[in-house]
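Structure, as structure tokens:
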Number of protein chains: 2
Amino acid sequence: MLNELSDNTEHKILEAAKTVFIKEGMKGARMQEIATEAGINKSLLHYYFRTKEKLFAAVFQFAFKAFIPKIDEILGPGLSLHERFSRFANAYTEILIDNPFIPLFVLHEINRHPEIIYKLVQQVGTKPKLLEEIITDEIKKGVIKPVDPKQVIINMISLCVFPIIARPIILPLIFEDDQKKYRKFLEDRKTEIADFIFNSIKVQ
Amino acid sequence: MLNELSDNTEHKILEAAKTVFIKEGMKGARMQEIATEAGINKSLLHYYFRTKEKLFAAVFQFAFKAFIPKIDEILGPGLSLHERFSRFANAYTEILIDNPFIPLFVLHEINRHPEIIYKLVQQVGTKPKLLEEIITDEIKKGVIKPVDPKQVIINMISLCVFPIIARPIILPLIFEDDQKKYRKFLEDRKTEIADFIFNSIKVQ
DNA sequence: ATTACCTTTGACCATATGGTTAAATTAAAT
DNA sequence: ATTTAATTTAACCATATGGTCAAAGGTAAT
């Protein structure tokens with residue numbers, strides 16, 4: 001039972017740390033707040049994770065993985081480009097709706113310490129080149145115009161991520177604080193984004 | 001000369017505060033660091049701006065204004081929709097290239113305190129409705145397909161902002177840390193974004 | 001029951017940090 | 001020159017915060 005208990009506490013701590021760090025950022029987060037959120041005291045927190053840095057590193061790694069989509073999984077084999085765009089936008093938008101604070105958290109921290117990305121990129125093992133090749137092939141096949149694949153990829157991710165991280169501005173400024181409208185808007189995007197991109201680059 | 005000197009010091013403080021706050025965020029910024037950056041001591045900083053909050057408020061207001069484009073100015077009268085998209089993407093991208101850390105700063109802080117937006121929105125006086133009307137009109141004229149104007153507007157802003165704030169991820173992951181390629185990529189977008197959007201929604 | 005080990009707690013420490021204050025300095029006005 | 005007001009500085013203060021430590025509690029093995 002020893003291990004079960006410890007796992008339990010460690011798990012509680014990690015969940016609490018996610019909540020607090022992702023909301024407040026590294027500098028904004030307080031160890032006491034994390035302890036309280038986890039229902040334990042500060043000493044125990046330091047017993048499990050010696051320092052704030054170590055705890056942060058654990059949370060950041062989790063967040064980074066959640067933010068960088070595992071493209072290869074989403075882009076299953078034997079699909080048309082439009083279908084692939086559609087699946088990507090759909091899956092990624094859903095991830096982001098469920099974890100709306102992760103992108104900003106990751107971007108904010110990575111801006112403060114751009115170096116940390118190098119360790120993470122390997123661990124995550126995402127392959128943007130894969131998507132790039134798919135797009136290049138479709139150009140050769142004459143399905144889409146000769147566009148820069150990098151532009152298309154960044155467009156796709158931009159269109160998925162930004163509406164989520166800009167919610168506190170978009171909601172009052174565009175949707176007059178009507179959460180339902182905003183929610184519907186995001187829901188629509190699951191299909192709109194793929195159509196939008198495909199329409200733009202397809203050969204008519 | 002009294003006023004000139006004080007203006008000068010106040011100006012130095014504000015510039016220093018912009019640098020530090022925008023880079024480190026409200027919680028990450030240190031009053032001492034701002035003072036040092038401004039070439040003065042901490043007491044003088046508190047003499048000009050009683051509290052960290054007051055200084056932050058000044059910086060945040062500036063940053064918010066820089067982040068929210070004054071749409072009406074960019075969208076001069078008597079232009080085609082494509083021309084308007086083009087001008088917007090061009091002008092906004094340039095602003096963002098010159099102030100690459102502002103969007104993330106604003107979004108991060110506004111996420112921590114979503115309320116603050118209400119005071120700012122009035123002061124800035126941006127009118128997204130204006131662009132919405134323009135798009136609606138073009139739909140009626142049959143220039144573009146019957147799309148949701150809100151989707152188009154958010155797409156435009158997403159495509160401009162995200163590639164800037166995601167630079168620390170994009171640069172290593174997509175451009176193998178080649179800054180020139182990234183820079184060229186942004187430069188291309190000044191025209192690419194408008195073409196991209198217009199192609200997608202125009203009636204062929 | 002005793003040993004040994006893991007977990008949890010409360011009291012405590014050192015330092016960083018936002019902020020204050022009184023005195024010194026400077027500049028303008030009389 | 002003297003007064004007056006604004007500006008600048010150095011020394012301090014109170015508090016928050018990350019982190020430590022020794023003791024207590026609990027659990028399983030002998």
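Chain letters run A, B, ... following the sequence lines, proteins first, then strands; residues in each count from 1. Any value given below was found using the heavy atoms of this structure, including those in side chains, with hydrogens, waters and symmetry copies removed.
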Quiz question: going by heavy-atom distance under 3.5 Å, is there a donor-acceptor pair between the base of D:dG18 and the side chain of A:Lys42?
yes
Both conditions, 6.0 Å and 45 degrees, for the charged tip of B:Lys18 above the ring of B:Phe62: are they met here?
yes
Minimum-distance nucleotide to A:Tyr48 side chain [options: D:dT9, C:dG19, C:dT8]
C:dT8
Which of these nucleotides, C:dT20, D:dG19, C:dT8, is closest to any side-chain atom of B:His46?
C:dT20
Mind calculating the distance between CG (B:Leu45) and C1' (C:dG18) to the nearest angstrom?
10 Å
Rounded distance in Å - CG (A:Leu44) to C1' (C:dC6):
11 Å
Can you tell me if A:Thr51 touches the phosphate of D:dG18, counting only side-chain N or O atoms and a distance under 4.0 Å to OP1 or OP2?
no
Quick one: A:Glu33 CD to D:dA16 C1', roughly how many Å, whole number?
14 Å
Quick check: closest heavy atoms across B:Lys190 and B:Glu187, and the distance to 0.1 Å?
NZ-OE2, 2.7 Å
Are B:Phe85 and B:Ile193 packed together at the side-chain level, in the sense that at least one heavy-atom pair is separated by less than 4.5 angstrom?
no
note: B:Lys52, atom NZ; D:dA14, atom P; distance rounded to Å ~ 21 Å
B:Gln32 CD to C:dA16 P, in whole Å, measures 12 Å
Per nearest nucleotide of DNA chain D, the residue lying toward the 5' end, A:Ser43 or A:Arg30, is A:Arg30
Under 4.0 Å, heavy atoms only, any strand: does B:Glu53 hit a base, just the sugar-phosphate, or nothing?
sugar-phosphate
Using side-chain heavy atoms (C-beta onward) and a distance below 4.5 Å, is B:Lys145 in contact with B:Lys202?
no
I want to confirm an ordering. Mapping A:Lys27 and A:Gly39 to their closest nucleotides on DNA chain C, which one lands closer to the 5' end?
A:Gly39
How close or far is atom P of C:dT17 from atom CZ of B:Arg50, stated in whole angstroms?
23 Å
What's the CD1-P distance between B:Ile13 and D:dT8, to the nearest Å?
8 Å
Please confirm whether the shortest side-chain N or O distance from B:Tyr47 to OP1 or OP2 of D:dT8 is below 4.0 Å.
no
Cation over ring, B:Lys23 on B:Phe101, under 6.0 Å and within 45°?
no
Length of the CG-P vector between A:Asn41 and D:dG25, whole Å:
15 Å
Just checking A:Ala35: base, sugar-phosphate only, or nothing, at a heavy-atom cut-off of under 4.0 Å?
nothing
